[in-house]
Amino acid sequence: MEYTVDIPTAGTWVNFSPASLVEEVKQNIRTIASTALGSAPGSRTIGVDWELVDEPINIVKTRIAGVLMAAIAEQEPRAQITRIDFREQETDGMYGRLVPIIRFILAEGET
């Protein structure tokens, strides 16, 4: 079964006792995708490198998808990414924001 993680534009609370494995993996993917690498106290290896700013949109989408896939594969091995799409949000006339929508399945052996 395929699951979807939509990265919120505002912060979300951490649930320390998720109801299911799927909810736990979703929360971990959200945390990885929304954390700048090196910024989490006590866990400097969690997150993604955010150096992909000010590049053409078609290049940024591809590079960010690759960075997210590598980070999630390393940091949350229970998830196998099937697809990453982006929702584009315009913040003002000149600048915008890409919001990743990550789809995954649970790795074999995970229930």
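All values below come from the heavy atoms of this structure, side chains included, with hydrogens, waters and symmetry mates left out.
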- Message: Is it the case that the side chain of Q27 and the backbone of P18 share a donor-acceptor pair, with hydrogens and angles ignored and the cut-off at 3.5 Å?
- Response: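 No; judged by distance alone, with no hydrogens or angles, the pair does not exist.
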- Task: Output yes when a side-chain donor or acceptor of S39 lies under 3.5 Å from a complementary backbone atom of A36, and no otherwise.
- Result: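 It does hold such a pair.
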Rounded distance [0.5 Å steps], [atom1] in [X] versus [atom2] in [Y]:
X	Y	atom1	atom2	value
I7	T31	CD1	OG1	8.5 Å
I72	R78	CD1	CZ	13.0 Å
E74	I32	CD	CD1	9.0 Å
I105	Q80	CD1	CD	4.5 Å
T4	F104	OG1	CZ	8.0 Å
E23	N28	CD	CG	11.0 Å

- Message: Closer than 4.0 angstrom, basic N to acidic O: yes or no for R83 and E2?
- Response: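 Not counted as a salt bridge, because no side-chain N and carboxylate O are separated by less than 4.0 Å.
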- Query: Would K61 and E88 pass as an ion pair if we require N to O under 4.0 Å?
  - Reply: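 Yes, this pair counts.
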Measuring only between side-chain heavy atoms, which start at C-beta, is [X] closer than 4.5 Å to [Y]?
X	Y	result
P100	I64	no
R103	Y3	no
D6	R87	yes

Kindly work out whether a path of hydrophobic side-chain contacts (I/L/V/M/F/W/Y, heavy atoms less than 4.5 Å apart) joins [X] to [Y].
X	Y	answer
I57	F86	yes
I102	L37	no
I46	V67	no
I101	M1	no

- Query: Closest approach of P77 and A107, non-hydrogen atoms and distance?
  - Reply: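 Distance-wise, the nearest heavy atoms are O-CB, 3.6 Å.
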